[in-house]
Enquirer: 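Sending over a structure as structure tokens; questions will come in a sec.
Residue numbers run from 1 in the order of the sequence given. As a basis for the values below, the full set of heavy atoms in this structure was taken, side chains included, without hydrogen atoms, waters or symmetry mates.
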Amino acid sequence: QVQLVESGGGLVQAGGSLRLSCSASGLTFSDIAMAWFRQAPGKERDFVAGINYKGSTTYYADSVKGRFTISRVNAEKMVYLQMNSLKPEDTAVYYCAAGKGWYARTDVDWYDYWGQGTQVTVSS
């Protein structure tokens, strides 16, 4: 049974930082691309960042480039999202996702498994 469990969300002031963590189990983690998505109330789930199976290639939405960093530790089956210089528009539920193959893509349909989500709220 595949499980993805996110943690690290919370309330932070604009300009602050948070680090999200995602723990994976029940899958061959080192063979799969991982990603973070987010969904604000009344909006679609959007791609935030992705990382290939080795951790050697990363991808970011334009809105977070230069502020967010995705990373992974395959030996621990963990993926992280370091979020700096947070803005109120970053407020959303953040989801960890496991992809169908080695390389991350931006479309939701590329991802087979999802975590339950963690709330990130940035106050102005």
Side-chain angles (χ1 to χ4, degrees):
Q1 180 183 358
V2 176
Q3 278 197 312
L4 301 176
V5 180
E6 302 99 334
S7 62
L11 173 64
V12 64
Q13 288 189 330
S17 298
L18 282 174
R19 188 173 89 145
L20 305 183
S21 300
C22 174
S23 174
S25 61
L27 72 170
T28 308
F29 185 77
S30 59
D31 284 348
I32 295 173
M34 299 294 294
W36 288 94
F37 284 74
R38 66 186 181 187
Q39 189 167 18
K43 296 190 176 181
E44 294 184 347
R45 191 169 296 189
D46 291 330
F47 175 84
V48 174
I51 189 166
N52 75 337
Y53 68 112
K54 292 195 293 186
S56 55
T57 304
T58 55
Y59 316 80
Y60 296 96
D62 288 343
S63 58
V64 307
K65 274 181 188 174
R67 300 188 298 123
F68 291 11
T69 302
I70 188 171
S71 61
R72 65 190 294 163
V73 179
N74 283 351
E76 298 177 0
K77 296 189 176 182
M78 296 290 296
V79 62
Y80 302 97
L81 185 68
Q82 178 66 43
M83 305 186 294
N84 298 328
S85 303
L86 282 160
K87 305 175 181 180
E89 51 264 43
D90 294 318
T91 295
V93 177
Y94 283 71
Y95 297 91
C96 174
K100 296 180 186 295
W102 288 352
Y103 298 98
R105 295 186 184 178
T106 61
D107 55 305
V108 170
D109 293 339
W110 179 242
Y111 297 86
D112 282 332
Y113 301 103
W114 297 82
Q116 82 288 351
T118 186
Q119 176 70 46
V120 171
T121 303
V122 184
S123 62
S124 56

Enquirer: Do F47 and W36 belong to the same hydrophobic cluster, where Ile, Leu, Val, Met, Phe, Trp and Tyr are linked whenever their side-chain heavy atoms lie under 4.5 Å apart, directly or via other members?
Expert: no
Enquirer: Give me each pair satisfying disulfide bond (SG atoms under 2.5 Å apart) with a member in residues 89-124, each pair once, sequence neighbours excluded.
Expert: C22-C96
Enquirer: So, R72 side chain and F29 main chain: donor-acceptor pair closer than 3.5 Å or not?
Expert: yes
Enquirer: Test your reading of the model: is there a side-chain donor-acceptor pair from Y111 to the backbone of M34, 3.5 Å cut-off?
Expert: no
Enquirer: Nearest heavy-atom pair of A24 and L27: which atoms, and what distance?
Expert: CB-CD2, 3.7 Å
Enquirer: For Q116 and V5, which heavy atoms make the closest approach, and how far apart are they?
Expert: OE1-CA, 3.8 Å
Enquirer: Any idea which heavy atoms bring A14 and P88 closest together, and the distance?
Expert: CB-CD, 4.1 Å
Enquirer: Count the heavy atoms of every other residue, nucleotide or ligand shown that sit under 6.0 Å from OH of Y113, and state whether that count exceeds 12.
Expert: no
Enquirer: What distance separates T57 OG1 from N52 CG, expressed to the nearest 0.5 Å?
Expert: 4.0 Å
Enquirer: Which atom pair, heavy atoms only, marks the closest approach of W102 to A33?
Expert: O-CB, 3.4 Å
Enquirer: Does any non-hydrogen side-chain atom of T69 lie less than 4.5 Å from one of Y60?
Expert: yes
Enquirer: Spell out, as yes or no, whether a donor-acceptor pair under 3.5 Å connects the side chain of T91 to the backbone of V122.
Expert: yes
Enquirer: Tell me if the centroids of the rings in F37 and W114 come within less than 6.0 Å of each other.
Expert: yes
Enquirer: Taking side chain as C-beta onward, heavy atoms only, is V2 less than 4.5 Å from D112?
Expert: no
Enquirer: In Å, rounded to the nearest 0.5 Å, how long is the span from OG of S25 to CG of L4?
Expert: 7.5 Å
Enquirer: About how many Å separate CD of E76 and OG of S23, when rounded to the nearest 0.5 Å?
Expert: 9.5 Å
Enquirer: Check V73 against Y80 and note the closest heavy-atom contact, atom names and distance.
Expert: CG2-CE1, 4.0 Å
Enquirer: Take L18 and F68 through the test side chain to side chain contact (heavy atoms under 4.5 Å, CB included) and record every step on the way to the result.
Expert: CA-CA 10 Å; L18 282 174; F68 291 11; over 6 Å; no
Enquirer: Please confirm whether the backbone N or O of Y103 pairs with a side-chain atom of W110, one donor and one acceptor, at under 3.5 Å?
Expert: yes
Enquirer: Any chance you could lay out the salt bridge (Lys or Arg N to Asp or Glu O under 4.0 Å) test for D90 and K87, step after step, and finish with the verdict?
Expert: CA-CA 5 Å; D90 294 318; K87 305 175 181 180; over 6 Å; no
Enquirer: Do Y59 and I32 land in one hydrophobic cluster if side-chain heavy atoms of ILVMFWY residues count as linked below 4.5 Å?
Expert: no
Enquirer: Heavy-atom distance under 4.5 Å between the side chains of Y95 and V48, does that happen here?
Expert: no
Enquirer: Hey, what do you get for CG (N74) to NZ (K54), rounding to the nearest 0.5 Å?
Expert: 11.0 Å
Enquirer: Checking the side chain of E6 only, and the main-chain atoms of G117 only, is there a donor and an acceptor separated by less than 3.5 Å?
Expert: yes
Enquirer: Nearest 0.5 Å, please: how far is CD in Q82 from CD1 in I70?
Expert: 12.5 Å
Enquirer: Would you please name every residue forming a side-chain hydrogen bond (donor to acceptor under 3.5 Å, both in side chains) with Y94, sequence neighbours left out?
Expert: R38
